[in-house]
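It should be emphasised that the depicted structure is a prediction, and the values quoted were computed from it without experimental measurement. Letters A, B, ... are given to chains in the order of the sequence lines, protein chains preceding strands, and every chain is numbered from 1.
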Amino acid sequence: MTEHTSGTAASAVTDAPKPALDASLFTPAPGAAPMWRMVAAQAGMELRVMLRHGEQFLLTMVIPVLLLVGFSLVDVLDVGEGARVDALTPGVLALAVMSTSFTGLAIGTGFERRYGVLKRLGATPLSRFGLLAAKTLAVLGVQAIQITVLCVVALFLGWSPSLEPAGVLAVLALLLLATAAFSSLALLMAGTLRAEATLAGANLVYVLMLGLGGVLFPTSSFPEPVEQAVSVLPITALGSGLRAVLTDGSLPGLGAFAVLAVWTAVAGFLASRLFRWE
Amino acid sequence: MKRGAPAHVNSGPMDTPAVEVVDLVKRYGATTAVTGLSFTARRGAVTALLGPNGAGKTSTIEICEGFRHADGGKVRVLGLDPVADATELKPRVGVMPQSGGVPTGARAAEWLRLMASFHARPIDPALLLERLGLTSVSGTPFRRLSGGQQQRLSLACAVIGRPELVFLDEPTAGLDPQARMATWDLVAALREAGVAVILTTHYMEEAERLADHVVIIDRGAVVTEGTPAELTQGRREVRFSTAAPLDAVALEAALPTGGRVSATDSGGRNEYSVATDDPDDVGPEFLAAVTAWCASTGVLAEDLRVRRRTLEDVFLETTGRELRD
């Protein structure tokens with residue numbers, strides 16, 4: 001490949017490197033930055049790359065908002081009793097969380113591995129722990145934006161969530177635990193499969209979870225055996241937990257927490273063992 | 001330790017080499033990529049690992065960078081173990097991989113700023129972008145940069161933290177001449193600043209121009225090493241080409257001190273090399289004898305030149321193979 005294959009060829013000529021580089025610029029003065037600064041900088045980078053990515057934006061923002069608005073306004077889906085938006089919002093929030101902490105993280109990390117980005121970062125003073133911390137912060141940042149947007153849209157559509165202090169705490173705990181479970185699954189997938197397989201698999205899981213996971217309607221409308229089976233899915237646990245608090249005004253059952261904790265433990269353990277950095 | 005002083009520059013004795021590799025072995029399944037390779041790279045000098053593709057250069061450099069484990073032998077980088085002492089080494093060592101290493105959607109300047117933020121006393125990213133001719137593409141995503149621009153950004157990332165030692169894996173592979181010159185300027189500036197540079201290349205011209213020390217590698221082992229001058233001394237030859245084949249035996253007979261004539265195959269042209277066992281024998285009189293014979297037989301010696309051997313010749317002589325195969 002040459003300079004002149006790109007659209008920036010003209011600038012490559014006018015912007016030619018200066019022949020004499022000032023050597024004193026490179027006088028060795030090595031040293032690592034403080035950990036917090038490395039993590040903050042990396043988290044900011046991850047956040048910007050995630051928000052800029054077109055297809056990811058479609059999965060994380062556009063589809064959840066369209067589902068929420070569409071099925072709240074149009075009466076084509078049996079969402080159960082009560083106001084349509086009240087029934088829909090918890091499930092769509094769960095989908096939004098999954099889209100970032102599972103689908104987006106898996107695809108993004110898979111391609112970073114494929115393009116040698118993880119390997120290259122491994123040669124910088126940023127530790128693996130620092131990188132994971134940065135990714136976690138970026139995921140939580142995107143989710144905060146998603147949840148804010150979806151809640152505002154839902155409130156405009158007439159959403160009236162039940163908000164008890166204990167319920168709010170339970171919602172936060174569910175969101176964090178679900179993020180941990182989805183992220184562990186995402187890293188397990190991204191760290192063991194080829195990038196293309198991760199891309200296909202993560203999108204397939206998104207669609208399957210959307211259909212089976214109680215996102216748009218409660219899983220109680222499924223036949224009993226199916227309902228039992230899907231109740232162990234992390235998105236069902238998150239969705240039903242959120243629905244219990246926000247729609248029914250009760251506290252989520254311990255089952256939801258247990259399901260998410262088991263997924264986190266199993267996927268986290270496997271990812272820490274099997275993750276390949278290149 | 002004084003605040004603000006370079007924290008790590010003096011940790012470890014300064015007389016330890018930048019890189020010391022002894023009897024290195026690396027296997028991938030049934031293939032042995034590196035078979036007992038040894039070399040030493042001085043601090044503040046440019047060391048080139050020269051060899052054809054697949055010679056084991058990248059395996060060697062990636063073991064030095066701590067990316068891969070050695071299957072045998074010893075590797076010391078700045079006197080430290082690249083795997084066990086990785087945390088201490090990472091701020092002090094800059095790395096430029098052969099390709100990639102940057103997210104496709106990251107913009108040039110933002111990625112370089114990120115790399116700078118990992119270091120205590122980095123070079124100003126805007127200044128480095130300017131010096132490398134990348135200012136106009138600061139906001140361009142990595143995937144839209146040309147090959148040369150991607151390579152230069154990758155190089156900038158390797159040096160932004162003001163390391164003591166940089167590893168450059170094929171820094172100019174596939175670059176056009178202008179971009180290659182820019183990279184050579186930067187390597188020269190690093191050397192002048194006292195940074196140790198280890199680079200791999202399969203361009204002998206690059207090794208000859210840049211390196212203080214050249215390590216020629218083939219099939220996972222060191223074939224020969226030395227300064228470019230040391231490696232290329234010891235032979236001088238007269239080279240020329242002719243329109244029609246000439247009588248090599250007759251030319252040989254006309255030469256003063258046991259000169260040898262060999263025809264080199266150069267794409268259908270008649271290329272001749274005339275040399276002696278002792279390079280000092282190829283002097284003015286020797287050259288006159290060659291041209292006198294040509295004059296007497298009516299042969300026009302085109303592209304006539306007296307030259308020392310090149311690293312390419314050295315490689316051919318020591319391995320029996322062309323460097324670029």
Side-chain angles (χ1 to χ4, degrees), chain A residues 1-34 37-42 44-46 48-50 52-54 56 108 111-112 114-127 130 277-278, chain B residues 6-9 65-67 87 90-93 95 97 99-106 110-111 113-115 117-121 123 127-128 131-137 140 144-149 152 157 159 161-164 174 176 178-179 182 185-186 188-190 192-195:
Chain A
M1 201 190 304
T2 72
E3 295 273 358
H4 302 284
T5 54
S6 85
T8 52
S11 66
V13 175
T14 52
D15 210 20
K18 304 194 170 172
L21 279 160
D22 180 9
S24 66
L25 201 59
F26 304 108
T27 306
R37 207 172 83 198
M38 293 196 260
V39 171
Q42 180 67 30
M45 182 80 215
E46 302 256 352
R48 288 194 302 277
V49 167
M50 274 192 217
R52 239 185 256 150
H53 197 277
Q56 281 205 33
F111 278 95
E112 279 179 9
R114 148 86 161 272
Y115 290 124
V117 177
L118 296 181
K119 183 178 169 186
R120 177 66 186 86
L121 286 172
T124 69
L126 179 69
S127 61
W277 291 79
E278 58 167 307
Chain B
H8 291 295
V9 174
E65 289 163 350
F67 286 138
T87 309
K90 277 170 188 170
R92 301 169 64 188
V93 177
V95 165
S99 64
V102 182
T104 53
E110 97 183 320
W111 188 255
R113 280 198 300 271
L114 174 69
M115 291 289 135
S117 71
F118 294 157
H119 296 274
R121 289 165 291 274
I123 300 171
L127 184 61
L128 189 55
R131 294 298 158 88
L132 286 170
L134 294 171
T135 305
S136 66
V137 293
T140 306
R144 299 232 180 87
L145 298 178
S146 72
Q149 289 163 341
R152 269 183 274 158
C157 292
V159 301
R162 296 170 71 187
E164 291 162 69
D176 64 22
Q178 185 207 358
D185 281 346
L186 188 122
L190 288 171
E192 200 186 323
V195 180

- Task: Provide the closest heavy-atom pair for B:Ser117 versus A:Ala33 in the form atom of the first, atom of the second, distance.
- Result: O-CB, 3.1 Å
- Item | Interatomic spacing from CG in A:Leu126 to NE2 in B:His119 - rounded to 0.5 Å | 10.0 Å
- Could you walk me through whether A:Phe26 and B:Glu192 pass the side-chain contact (heavy atoms from CB on, under 4.5 Å) test, one step at a time? CA-CA 9 Å; A:Phe26 304 108; B:Glu192 200 186 323; over 6 Å; no
- Message: Can you give me the closest heavy-atom contact between B:Ala189 and A:Ala23, atom names plus distance?
- Response: O-CB, 3.5 Å
- Task: Any chance you could lay out the side-chain contact (heavy atoms from CB on, under 4.5 Å) test for B:Met115 and A:Leu121, step after step, and finish with the verdict?
- Result: CA-CA 9 Å; B:Met115 291 289 135; A:Leu121 286 172; 3.8 Å; yes
- Contact winner vs chain B - A:Ala41, A:Gly130, A:Ala123, A:Gly44, heavy-atom pairs under 4.5 Å: A:Ala123
- Message: If I compare all heavy atoms of B:Pro163 with all of A:Pro30, which pair ends up nearest, and what's the gap?
- Response: CA-CB, 4.4 Å
- Is it the backbone or the side chain of B:Leu186 that comes under 4.5 Å from a heavy atom of chain A, or both, or neither? both
- Going from CG on A:Asp22 to CG on B:Leu127, what distance comes out if it is rounded to the nearest 0.5 angstrom? 8.5 Å
- Scored by heavy-atom pairs under 4.5 Å with chain B, the best of A:Ser127, A:Pro125, A:Gly116, A:Gly108 is A:Pro125
- Query: Heavy-atom distance under 4.5 Å to chain A: side chain of B:Thr87, backbone, both or neither?
  - Reply: neither
- Grab the two heavy atoms, one from B:Phe67 and one from A:Lys119, that are nearest each other, plus how far apart they are. CE2-O, 3.1 Å
- Please state whether the side chain, the backbone, both or neither of B:Glu110 comes within less than 4.5 Å of a heavy atom of chain A. both
- Of the listed residues (A:Gln42, A:Arg114, A:His53, A:Glu112), which shares the most heavy-atom pairs with chain B below a 4.5 Å separation? A:Gln42
- Item | Pairwise side-chain contact, A:Leu25 with B:Arg162, heavy-atom cut-off 4.5 Å (strictly under) | no
- Task: For each of B:Gly66, B:Gly100, B:Gly101, tally heavy-atom pairs with chain A at distances under 4.5 Å, and name the one with the top tally.
- Result: B:Gly101
- Inter-residue atom distance B:Trp111.CH2 - A:Arg120.CZ, 0.5 Å rounding: 8.5 Å
- Contact summary for A:Ala32 and B:Ala120, nearest pair of heavy atoms: O-CB, 3.6 Å
- Task: Measure B:Val102 against the heavy atoms of chain A and call it side chain, backbone, both or neither at under 4.5 Å.
- Result: backbone
- chain A shares the most heavy-atom pairs under 4.5 Å, among B:Ala106, B:Gly161, B:Pro103, B:Ser99, with B:Pro103
